[in-house]
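The figures here come from the full heavy-atom set of this structure, side chains too, leaving out hydrogens, waters and symmetry mates. Please read these numbers as outputs of a predicted model, since none were measured by experiment.
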Amino acid sequence: MLTRFESCDPALAPASELLAEMEAELNRVYETFSRLDNPKVSLDHLRPPHGSYLVGRRQGDVVAGGGVRQLTDDVAEIKRMYVRPAARSQGLAGELLLALEETARSMGYGAVRLDTGPKQIHALALYRRAGYVEIEPYNDNPFACFWGEKVLRSP
């Protein structure tokens, strides 16, 4: 099944709806309402010129979203990846990750980083399969157990 990804303003639907669903799910999983406050990500970080938020559609239905934001001039961070429950276990997270990596590459970033928590075992497996190498923590996310980096081009 073909998924089409497009850049959307994260403050507007359907992106804002995906972000709200992802936040609610993570708050349930980690039993906290401060999950997304550390490290802080503003919607401006997920907008051009240094960031982007992608929405994925399959057969017209909104099924996934995720963002890229700048960490340094050459390194971006993948944030807020989310696949709606009805669309899971269909390879969509991998497609989204590739689309976010390509977006970062097209924006001129040479590497991407991400983090994930211990209760997101499918995400951790995906990132390792996709070639993310474990690195020292680059942020102070108290819920993360894995910080990874992938080089997008040769230095």
Side-chain angles (χ1 to χ4, degrees), residues 1-23 25-26 35-58 60-84 87-88 90-117 120-155:
M1 201 176 310
L2 182 63
T3 307
R4 185 173 50 88
F5 294 96
E6 62 186 0
S7 183
C8 294
D9 187 324
L12 303 175
S16 61
E17 296 165 346
L18 289 166
L19 286 164
E21 290 171 30
M22 185 227 41
E23 181 176 353
E25 182 172 311
L26 287 179
R35 166 68 178 100
L36 299 177
D37 291 341
N38 198 1
K40 185 73 174 162
V41 176
S42 80
L43 295 182
D44 286 337
H45 293 154
L46 302 176
R47 291 185 177 116
H50 302 294
S52 182
Y53 188 85
L54 300 182
V55 170
R57 296 176 191 270
R58 278 190 175 171
D61 294 329
V62 174
V63 292
V68 173
R69 74 168 178 163
Q70 182 180 48
L71 287 179
T72 69
D73 287 345
D74 195 49
V75 179
E77 182 179 32
I78 293 177
K79 298 299 294 179
R80 311 296 190 249
M81 278 187 60
Y82 179 72
V83 176
R84 285 187 160 154
R88 292 181 185 167
Q90 300 172 27
L92 186 52
E95 289 180 48
L96 175 59
L97 183 60
L98 286 172
L100 292 167
E101 291 171 355
E102 184 53 40
T103 297
R105 185 180 291 108
S106 72
M107 296 173 78
Y109 295 111
V112 286
R113 291 181 179 169
L114 47 72
D115 65 29
T116 196
Q120 295 163 274
I121 58 173
H122 293 96
L124 180 55
L126 170 67
Y127 301 149
R128 287 188 167 143
R129 275 193 319 271
Y132 284 80
V133 176
E134 190 162 2
I135 60 172
E136 290 296 315
Y138 63 89
N139 62 32
D140 57 355
N141 182 351
F143 294 94
C145 69
F146 175 83
W147 290 263
E149 182 175 89
K150 183 175 182 177
V151 175
L152 299 176
R153 62 173 154 69
S154 300

Between Glu25 and Arg80, does at least one N-O distance fall below 4.0 Å, as a salt bridge requires? no
Discussion item. Checking Glu77 against Tyr138: is there a side-chain donor and acceptor pair closer than 3.5 Å?
Written reply: yes
Here the gap from Leu71 atom CG to His50 atom NE2, rounded to the nearest 0.5 Å, amounts to 12.5 Å
>> Regarding Arg69 and Asp44, does a basic nitrogen lie under 4.0 Å from an acidic carboxylate oxygen?
In response: no
What one should report as the nearest heavy-atom pair of Arg58 and Leu2 is CG-O, 3.6 Å
Glu134 meets the salt bridge (charged side-chain N to carboxylate O under 4.0 Å, His left out) criterion, sequence neighbours left out, with Arg128
Using a 3.5 Å cut-off and no angle test, enumerate the donor-acceptor pairs between side-chain atoms of residues 6-22 and protein atoms at least two apart in sequence or in another chain.
from, atom 1, to, atom 2, distance (Å)
Glu6, OE1, Arg4, NH1, 3.2
Glu6, OE2, Arg57, NE, 3.0
Glu6, OE2, Arg57, NH2, 3.3
Ser7, OG, Ser52, OG, 3.2
Asp9, OD1, Ala11, N, 2.8
Asp9, OD1, Arg47, NE, 3.2
Asp9, OD1, Arg47, NH2, 3.0
Ser16, OG, Ala13, N, 3.2
Glu21, OE1, Arg84, NE, 2.9
Glu21, OE2, Arg84, NE, 3.3
Glu21, OE2, Arg84, NH2, 2.7

Discussion item. I'd like to know if the side chain of Trp147 pairs up with that of Asn141 as donor and acceptor (distance under 3.5 Å, no hydrogens or angles considered).
Written reply: no
Rounding to 0.5 Å, atoms CG (Asp140) and CG (Asp115) come to a distance of 10.0 Å
_Taking the side chain as everything from C-beta on, heavy atoms only, tell me whether Leu100 gets closer than 4.5 Å to Tyr53._
no
Under 3.5 Å, side chain of Lys150 to main-chain N/O of Ala130, donor-acceptor pair present?
yes
| field | Close side-chain approach of Leu97 and Ile78, heavy atoms under 4.5 Å | value | yes
- Query: Asp74 side chain to Gly110 main-chain N or O, any donor-acceptor pair under 3.5 Å?
  - Reply: yes
